[in-house]
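Written out below as structure tokens is the structure these notes cover.
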Protein chains: 2
Amino acid sequence: MDSDKSHIDETTPRTHPRARRRTRQRSVIQRVLLEANRPLTPQDILLAAQARAPGLGIATVYRTIHTMMTEGTLVAVGIPGEAARYETAGKEHHHHFQCRECDGVFDIQGCPTDDLVKLAPKGFRLESHQVVLYGVCPPCTGMPA
Amino acid sequence: MDSDKSHIDETTPRTHPRARRRTRQRSVIQRVLLEANRPLTPQDILLAAQARAPGLGIATVYRTIHTMMTEGTLVAVGIPGEAARYETAGKEHHHHFQCRECDGVFDIQGCPTDDLVKLAPKGFRLESHQVVLYGVCPPCTGMPA
DNA sequence: GTTTGTGCAAATGTTTTGCACAGGC
DNA sequence: GCCTGTGCAAAACATTTGCACAAAC
């Protein structure tokens, strides 16, 4: 659906059927994650990445996720009972809102860090935290987005 | 590849090969959930329930989880990248702490509700929320529990 | 040359579903 | 009798891993 060279530098020399696109798929995945302004599931990432690099496999998505999480450049966002979603860690510290109507996840600003720190019981070393708000997003309440 | 009766003594009245334990397994599962004072994974629930009702199947665990979530008597606790954990909803409102060393999840008391309410952007209808703190638990820091 | 990243497919793990049947009504 | 809950097994879906080989160095 897109001629590779159109927007992917990827310097693809296009030699054999399957001899190409051997350049860092990771960069493709990173771009997808950077451009999304909300957490994505592995499947979301796969689909978006395949649009840019056809043939990219799900294994590469998972491997890249793990690599980036280890590096600390990606964070997992937990949504109860659902597949994990991931987003780049570079962003300003923030939290999420999930709409129970459309299941969409939105970034929200602000964080009562000081209040959360007080929650950690004695003896527990607090390193990070996550807040998820649930409710209904503007479109789903009938309001304009 | 095992003769059923060979090792399932388990107080099995042993009438027919599989004519027994036909009573509400759900009550067994509910008891397990009530007695646990922390969120459990479906596998945790299965093991604990099987100790009380041998032969109870994983499908029953999942079906009961769904039923109870629909009723609102069970809530899912989201831990990024891991299997969902569940706990009874009746408890006092609280949140969780997960140790990154042992992966254990602990209940913690207190909740800065008022501060969290302020986080919801205009137009978003806030219905509930969840806070997860991450760090290291006392045993894993070398301190006595 | 060696090392690394990748696609593919198989393996593993998790959750859901179809079905037959026991128990409660 | 009918309805519901259940065990079992298979299916569906999610995630990880082994392997061969191309690309990068």
Side-chain angles (χ1 to χ4, degrees), chain A residues 4 8-32 39-47 49-50 52-71 74 76 78-86, chain B residues 1-5 8 10 12-32 39-47 49-50 52-71 74 76-86 103:
Chain A
D4 298 64
I8 324 195
D9 38 304
E10 319 305 335
T11 64
T12 310
R14 188 71 47 70
T15 46
H16 296 316
R18 187 203 153 182
R20 59 194 189 69
R21 144 234 321 133
R22 286 272 128 210
T23 33
R24 295 276 174 301
Q25 295 294 47
R26 171 170 170 166
S27 64
V28 176
I29 293 172
Q30 284 180 313
R31 201 169 324 149
V32 165
L40 300 177
T41 64
Q43 299 299 328
D44 291 335
I45 298 170
L46 177 66
L47 291 176
Q50 284 184 331
R52 292 172 170 74
L56 186 151
I58 186 68
T60 298
V61 172
Y62 280 106
R63 280 186 285 232
T64 302
I65 287 172
H66 287 153
T67 302
M68 293 180 69
M69 297 235 321
T70 302
E71 293 172 353
L74 194 71
I79 302 293
E82 296 189 14
R85 298 176 195 229
Y86 303 87
Chain B
M1 52 16 181
D2 55 6
S3 48
D4 301 63
K5 44 201 182 140
I8 358 178
E10 323 307 349
T12 309
R14 192 71 49 72
T15 44
H16 293 318
R18 82 172 259 230
R20 59 196 186 68
R21 142 235 323 133
R22 288 271 127 211
T23 33
R24 293 277 172 301
Q25 296 294 49
R26 170 170 172 167
S27 64
V28 175
I29 292 171
Q30 284 181 312
R31 200 172 325 150
V32 166
L40 300 177
T41 64
Q43 298 300 328
D44 291 336
I45 298 170
L46 177 66
L47 290 175
Q50 284 183 332
R52 293 173 169 74
L56 185 150
I58 186 67
T60 298
V61 171
Y62 280 104
R63 281 187 284 232
T64 302
I65 287 172
H66 288 154
T67 302
M68 294 180 70
M69 296 235 319
T70 302
E71 293 172 352
L74 193 71
V77 178
I79 302 294
E82 295 189 15
R85 299 177 194 227
Y86 303 88
D103 283 345

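- Between Leu46(B) and Gln50(B), some side-chain heavy-atom pair lies under the 4.5 Å cut-off.
- Following rounding to the nearest Å, Gln25(A) (CD) and dT4(C) (P) show an atom-to-atom distance of 19 Å.
- In this entry the distance linking CD of Gln30(A) with P of dT6(C) reads 10 Å, nearest Å.
- A straight line from CZ of Arg26(B) to C1' of dT4(D) spans 13 Å, rounded to a whole angstrom.
- Put simply, CD on Gln50(A) is 11 Å from C1' on dG7(C), counting in whole angstrom units.
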Task: Where protein sits on nucleotides 10-16 of chain C, one letter per nucleotide: B base, S sugar-phosphate only, - none, heavy atoms under 4.0 Å - done: ----SBB

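- Residues meeting the salt bridge (Lys or Arg N to Asp or Glu O under 4.0 Å) test with Arg52(B), sequence neighbours left out: Glu35(B).
- Between the CG atom of Leu74(A) and the CG atom of Leu40(A) there is a distance of 9.5 Å, given to the nearest 0.5 Å.
- With sequence neighbours excluded, the residues satisfying side chain to side chain donor-acceptor pair (under 3.5 Å) with Thr41(A) are Asp44(A).
- Between the CG atom of Leu47(A) and the P atom of dA14(D) there is a distance of 11 Å, given to the nearest Å.
- The side chain of Thr60(A) contributes no N or O atom lying less than 4.0 Å from OP1 or OP2 of dT6(C).
- For the pair Ile65(A) CD1 and dA14(D) C1', the interatomic distance rounds to 11 Å; values are reported in whole Å.
- Considering every non-hydrogen atom in both Pro42(A) and Ala84(A), the closest pair reads CD-O, 3.4 Å.
- Counting to the nearest Å, the P atom of dA14(D) and the CZ atom of Arg63(A) are 18 Å from each other.
- Residue pairs meeting the side-chain hydrogen bond (donor to acceptor under 3.5 Å, both in side chains) criterion with at least one member in residues 62-71 of chain B, sequence neighbours excluded: Arg26(B)-Glu71(B), Glu71(B)-Thr73(B).
- For Arg24(A), taking side-chain heavy atoms from C-beta onward, the closest of the listed nucleotides dG5(D), dG7(C), dG5(C) is dG5(C).
- Leu46(B) places its CG atom 14 Å from the C1' atom of dT6(D), with the value rounded to the nearest Å.
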